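It should be emphasised that the depicted structure is a prediction, and the values quoted were computed from it without experimental measurement. Lettering follows sequence order; numbering is per chain, from 1.
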Amino acid sequence: MDYQFAAIEQKWQKYWAENQSFKAEANSDKPKYYVLDMFPYPSGAGLHVGHPLGYIASDIFSRYKRLKGYNVLHPMGYDSFGLPAEQYAIQTGQHPAVTTETNINTYRRQLDQIGFSFDWSREVRTSDPAYYKWTQWIFMQLFNSWYNLETDKAEPISTLIAKFNEAGSADVKAAKDEDTRNFLPTDWAAFSEEEKQVELLKYRLTYLKESTVNWCPALGTVLANDEVKDGFSERGGFPVEQKKMMQWSMRITAYADRLLQGLDTIDWPEPMKEMQRNWIGKSVGASVKFKVENSEKQIEVFTTRVDTIFGVSYLVLAPEHEWVAELTTPEQKADIENYIAQTKKKSELDRMADAKTVSGAFTGTYVVNPVSGERVQLWIADYVLAGYGTGAVMGVPSGDQRDWLFATHFNLPIIQILDAQKDINVQADPTKEGKYINSGFINGMEYKEAVAFLNQWLEDQGVGKAKVNFRQRDAIFGRQRYWGEPIPVYFKDGLPYLLKEEELPLLLPEIDKYLPTETGEPPLGRAEGWKYEDRYEYELSTMPGWAGSSWYWYRYMDAQNDSEFASKEAVNYWKDVDLYIGGNEHATGHLLYSRFWNKFLKDLGFVQEEEPFKKLINQGMIQGRSNFVYRVVDEEGRGTNTLVSAGLRKDYKSIALHVDVNIVENDVLDIEKFKAWRDEFANAEFILENGKYVCGVEVEKMSKSKFNVVNPDVLIAQYGADTLRMYEMFLGPLEQSKPWNTNGIEGVFKFLRKFWRLFHNEAWEFTVSDAEPTKAELKALHKIIKKVQDDVERFSFNTSVSSFMIAVNDLTDLKCNKRAVLQDLVVVLAAYAPHICEELWSLLGNKDLSTAQFPIFNPNYLVEDEFAYPISINGKMKMNLNLSLTLEQDEATVAVLANEQVQGFLNGAAPKKIIFVKGKIVNIVV
RNA sequence: GCUGAAGUGGUGGAACUGGUAGACACGCAGGACUUAAAAUCCUGUGCCCUCAACAGGCGUGCGGGUUCGAUUCCCGCCUUCAGUACCA
């Protein structure tokens with residue numbers, strides 16, 4: 001029979017499902033290997049051709065590892081809480097659970113027909129109560145923990161209480177809020193229960209705090225910083241404003257240093273690590289307090305160059321700094337207010353574009369440099385950000401270019417502080433070289449000494465200390481929306497208390513409408529009679545999107561467990577994810593939060609590994625490739641009924657229209673389908689080039705409105721899943737972003753057919769011979785065995801597809817239909833094109849390809865006696881010459897020079913030198 | 001600006017450790033089969049000079065360098081993409 005991909009693929013997909021062929025063993029003597037994909041949010045649009053790219057790669061890797069004798073865990077699930085289903089619910093009244101279920105079914109159908117080897121018995125859905133029970137449970141562990149800076153790990157809150165009982169708060173070194181109280185053990189004992197709870201909340205790893213949040217009135221919800229772009233919501237593009245509210249936060253900053261250090265231990269793409277480093281934004285420096293003249297106030301600044309403190313010639317506050325009004329003198333009041341008004345008007349974008357312009361205003365107030373005793377002016381300027389550090393900086397014009405510009409613009413002094421500083425009247429010189437001058441008691445010191453000395457001095461005097469500052473803030477954990485995990489907390493006397501563990505899961509209540517209440521409370525406020533013990537108000541926020549995805553890889557290890565998030569045995573066996581494949585858009589979201597929760601769970605002894613994802617690969621984005629037709633317009637600019645082919649468009653006045661890429665092949669329009677596509681084009685006329693209508697092309701985001709979405713279903717119907725899988729890999733390196741095009745898919749399909757034909761005679765009857773393979777056949781086989789092995793291990797899937805083509809071309813030329821060769825070839829190709837291979841495997845009389853062994857590479861088959869040496873003269877390749885590979889330099893040189901053709905090229909010139917690299921090249925230098 | 005990645009035929013891309021640049025595929029051109037088309041098969045296909053062949057020259061973003069030999073290493077620049085942005 002000819003290659004009937006549809007029947008073959010259905011048959012084996014059914015077989016795999018019925019036999020649970022890819023179920024990971026809970027216990028095994030085989031080494032474990034955990035291959036994870038970033039699980040999808042099941043959106044209503046279903047999968048497009050870009051989604052499966054990473055899944056195909058991970059599937060090939062998983063199947064390969066199984067053939068190599070590993071016990072592979074390769075699961076899939078759904079990140080099924082999220083905003084789109086809720087938005088849809090608001091519009092239609094349909095419960096998000098229903099929408100989600102429908103979408104999941106579509107996803108599952110689409111995934112199944114690509115033939116993935118997922119272990120579906122371990123499927124998870126973050127919106128399933130059996131799953132979010134454990135998300136809530138982790139929240140409770142966080143609530144019940146604090147971060148001990150002495151042991152550098154999280155500990156149960158009970159150890160903190162013990163410390164308070166014993167020694168009060170003095171010796172406690174903890175990651176905590178800034179407004180903690182100092183108390184003695186006796187004070188602690190005297191605190192009321194409420195006072196104790198208030199104090200403990202300042203130490204818990206998840207805590208309530210009044211914070212400024214990004215409030216989006218249109219969406220009725222709070223957004224994370226990464227969900228806001230330039231003052232508008234990333235989703236929907238609605239305006240976002242700042243609003244103060246009590247919010248649950250996660251004390252991720254406690255882990256900032258470990259999150260940073262851990263990056264050095266994991267095999268991730270460098271750009272990803274770099275993004276996380278920048279996001280965490282560690283800077284080492286000092287905080288210094290400047291006393292305000294004629295006031296009790298002290299302004300704290302953060303600096304990374306405490307050594308330059310004698311060069312301070314002014315201080316700047318952010319315009320939003322809360323003390324600005326208070327510290328402005330009456331004479332300067334108008335100036336300052338005017339400046340603040342101006343800053344407010346500037347949007348974030350303007351402020352960015354304006355980065356070069358110097359602006360600011362003098363408050364009229366002076367502050368005192370605690371080190372030198374000098375009085376300097378206090379200014380405000382919008383180059384200082386309220387949200388970073390303390391919202392105040394010291395200006396050192398000789399050492400910082402921005403400060404230099406500011407000082408020059410406003411005529412403030414520029415003080416040289418190092419003898420090595422050059423040209424400071426032209427620009428700042430941030431050098432750390434040389435010895436300090438004009439710097440009081442650090443004069444004559446060098447950088448390192450000065451920093452250490454100053455830090456100690458500041459601390460001794462109580463006016464500052466060495467400090468590490470992070471850009472990263474604690475993560476806000478509450479969302480004012482419905483479709484998320486309820487937070488397992490109720491309020492008594494205004495204080496939060498946890499539910500009991502056995503009361504989990506706290507189920508999402510039913511509500512009438514998925515909108516905030518009339519009083520502005522979150523949607524959960526609509527749930528009637530939803531009270532803890534019928535009296536206490538539950539927390540009405542739900543968890544953010546990243547909650548459920550911050551630990552899901554552990555649930556796959558033991559997905560059905562009802563008494564633990566995953567059993568100790570399962571966690572001890574699977575440990576961590578060996579290979580994680582997903583997009584780089586999660587660099588500072590999911591991947592950071594997951595590492596945070598993982599470290600926390602490790603601290604409490606629930607998991608084994610400090611880092612959850614050993615190796616990470618980012619698959620590139622598949623962009624859309626839009627096609628255009630060009631409608632000729634008349635004098636008045638009205639569209640006519642005529643369309644002109646792209647190559648001739650310069651001769652006409654025309655407008656470009658998106659055309660559905662599914663009726664275009666190799667950029668040539670299928671005119672009949674086009675006429676049927678839209679009524680308005682039913683009678684269109686075409687100006688053709690070379691008898692064809694050629695469409696224009698542009699690379700854009702894949703989107704419905706651009707008619708450039710390619711649905712895998714269509715391609716599978718036309719070519720089959722095996723072709724789709726191989727074609728997606730053939731497109732280019734996995735990590736590279738590329739526009740989708742179907743131009744080469746025929747070639748891959750032809751390859752599979754050619755492969756199929758190796759096993760069949762002219763009449764398409766299955767025929768293999770049991771004859772001994774020839775040397776050439778074995779060579780072709782072992783070349784591909786080695787190639788695939790090497791390629792898969794370095795995730796170079798595109799090159800192995802090419803090599804498969806070469807192998808099949810070679811074997812076709814050799815007319816090889818020998819079982820001894822083809823049977824191994826089937827196994828080698830199985831990870832890429834599993835359906836056709838499984839069929840051929842069974843036609844060869846075997847059972848269950850998933851239990852086969854990857855063929856062992858034998859280098860002896862590749863050994864050559866001869867090599868066609870490229871002979872180059874002065875590095876230019878001239879000809880090839882067959883020489884025995886046993887020849888060493890001397891004999892080879894003789895043989896080369898004896899050759900007539902070589903002599904012809906030399907044309908009488910005497911070789912100065914002959915380079916001979918065995919098995920590689922001969923280069924004659926003349 | 002900073003950080004990171006990348007720049008190779010008409011196109012996607014290959015060349016893994018400095019050793020034959022353009023594998024494999026698409027497209028295109030020509031041919032076979034066919035009444036014809038599709039499918040299939042065969043041949044050719046980096047550019048320039050040449051009717052063509054032979055031979056030659058050029059060629060991996062640009063300019064230099066190291067080397068017998070550079071897509072690969074070094075220096076300087078340009079462009080594109082991604083992230084980030086007055087971070088004190």
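With hydrogens and angles ignored, the 3.5 Å screen pairs a side-chain donor or acceptor of A/D403 with a backbone N or O of A/V396. Under the 3.5 Å distance criterion, the side-chain polar atoms of A/T253 are left unmatched by any main-chain donor or acceptor of A/D474. Under the 3.5 Å distance criterion, the side-chain polar atoms of A/N618 are matched with a main-chain donor or acceptor of A/G582. Distance alone, capped at 3.5 Å, places no donor-acceptor pair between the A/D400 side chain and the A/P430 backbone.
Remark: aromatic rings of A/W379 and A/F406 are close, center separation under 6.0 Å. Remark: aromatic rings of A/Y727 and A/Y719 are distant, center separation not under 6.0 Å.
A/I806 has its CD1 atom 10 Å from the C1' atom of B/A25, to the nearest Å. Look at NZ on A/K876: it is 11 Å from P on B/G69, rounded to the nearest Å. Atom-to-atom, CD of A/E270 to P of B/A6 comes out at 12 Å; the value is rounded to the nearest Å. Rounded to whole angstrom, the span from the CZ atom of A/F804 across to the C1' atom of B/C24 amounts to 13 Å. One interatomic measurement links the two molecules: CE of A/M879 to C1' of B/G56, which rounds to 17 Å at whole-angstrom precision. Taking atom CZ of A/F795 as the reference point, atom P of B/C16 lies 19 Å away to the nearest angstrom. Atom C1' of nucleotide B/A39 and atom CD of A/E746 are separated by 10 Å, given to the nearest angstrom. Atom CE of A/M275 is separated from atom C1' of B/A5 by 10 Å (rounded to the nearest Å).
Between A/A428 and A/Q401, the shortest heavy-atom distance links the atoms N-OE1, 2.9 Å.
Set against B/U84, B/C68, B/G56, the side chain of A/F905 has B/G56 as its closest nucleotide. Residue A/K750 places its side chain closer to B/C26 than to any other of B/U20, B/G56, B/C26. Comparing B/G19, B/C24, B/U20 by their nearest atom to the side chain of A/V917 picks out B/G19. Among B/U84, B/U3, B/A88, the nucleotide with an atom closest to any side-chain atom of A/E274 is B/U3.
Taking for each of A/R753 and A/I915 the nucleotide of RNA chain B with the nearest heavy atom, the 5'-most of the two is the partner of A/R753. Checking A/G389 against A/S803, the closest nucleotide of RNA chain B that is more toward the 5' end is the one next to A/S803.
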Assess whether ring-ring contact (aromatic ring centres under 6.0 Å, His included) is satisfied between A/F916 and A/Y869, documenting all intermediate values.
-> CA-CA 10 Å; A/F916 173 81; A/Y869 277 94; 5.5 Å; yes
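Note on A/K273 versus A/D264: no salt bridge recorded, every NZ/NE/NH1/NH2 to OD/OE distance being 4.0 Å or above.
The residue A/D400 sits apart from the nucleic acid: no heavy atom pair falls under 4.0 Å. Residue-level contact check: A/N278 touches neither bases nor backbone, having no heavy atom under 4.0 Å from any strand.
Neither OP1 nor OP2 of B/U40 sits under 4.0 Å from any side-chain N or O of A/R757. Contact between the side-chain N/O atoms of A/N809 and the OP1/OP2 oxygens of B/A25 is found at a separation under 4.0 Å. The side chain of A/K920 places no N or O atom within less than 4.0 Å of a non-bridging phosphate oxygen (OP1 or OP2) of B/G69. The shortest distance between the side-chain N/O atoms of A/R402 and the OP1/OP2 oxygens of B/C87 is below 4.0 Å. Dashed line: the shortest gap from a side-chain N or O of A/Y388 to OP1 or OP2 of B/A88 is under 4.0 Å.
Using P as the reference atom, B/U3 and B/A85 are 16 Å apart when rounded to the nearest Å. Rounded to whole Å, the separation between the C1' atoms of B/A32 and B/C81 comes to 47 Å. B/C73 and B/U80 have their P atoms separated by 23 Å, with the value rounded to a whole Å. Comparing the same atom, P, in B/A39 and in B/A29 gives a spacing of 14 Å after rounding to whole Å. On the P atoms, B/U71 is 42 Å away from B/A88, given to the nearest whole Å. Rounded to whole Å, the separation between the C1' atoms of B/C33 and B/U43 comes to 15 Å. Nucleotides B/G65 and B/C42 place their P atoms 48 Å apart, quoted to the nearest Å. A gap of 13 Å separates the C1' atoms of B/A15 and B/A70, to the nearest Å.
Annotated as syn: B/G9, whose glycosidic dihedral is within 90° of 0.
Donor-acceptor pairing under 3.5 Å is lacking for the side chains of A/S802 and A/T799. A/Y593 and A/T588 share no side-chain donor-acceptor pair at under 3.5 Å.
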Distances for protein N or O near nucleotides 10-14 of chain B N or O, under 3.5 Å:
from  : atom 1 : to     : atom 2 : distance (Å)
B/G12 : O2'    : A/L731 : O      : 2.7
B/G13 : OP1    : A/Q736 : NE2    : 2.7
B/G13 : O3'    : A/N798 : ND2    : 3.4
B/A14 : OP1    : A/N798 : ND2    : 2.8

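Scanning RNA chain B for stems, defined as runs of 3 or more consecutive Watson-Crick or G-U wobble pairs whose donor-acceptor distances all fall under 3.5 Å, gives the following ranges: B:1-7 with B:78-84, B:10-12 with B:24-26, B:27-32 with B:40-45, B:46-48 with B:56-58, B:61-65 with B:73-77.
Residue-environment remark: CD (A/E762) stays at or below the threshold of 12 foreign heavy atoms within 6.0 Å.
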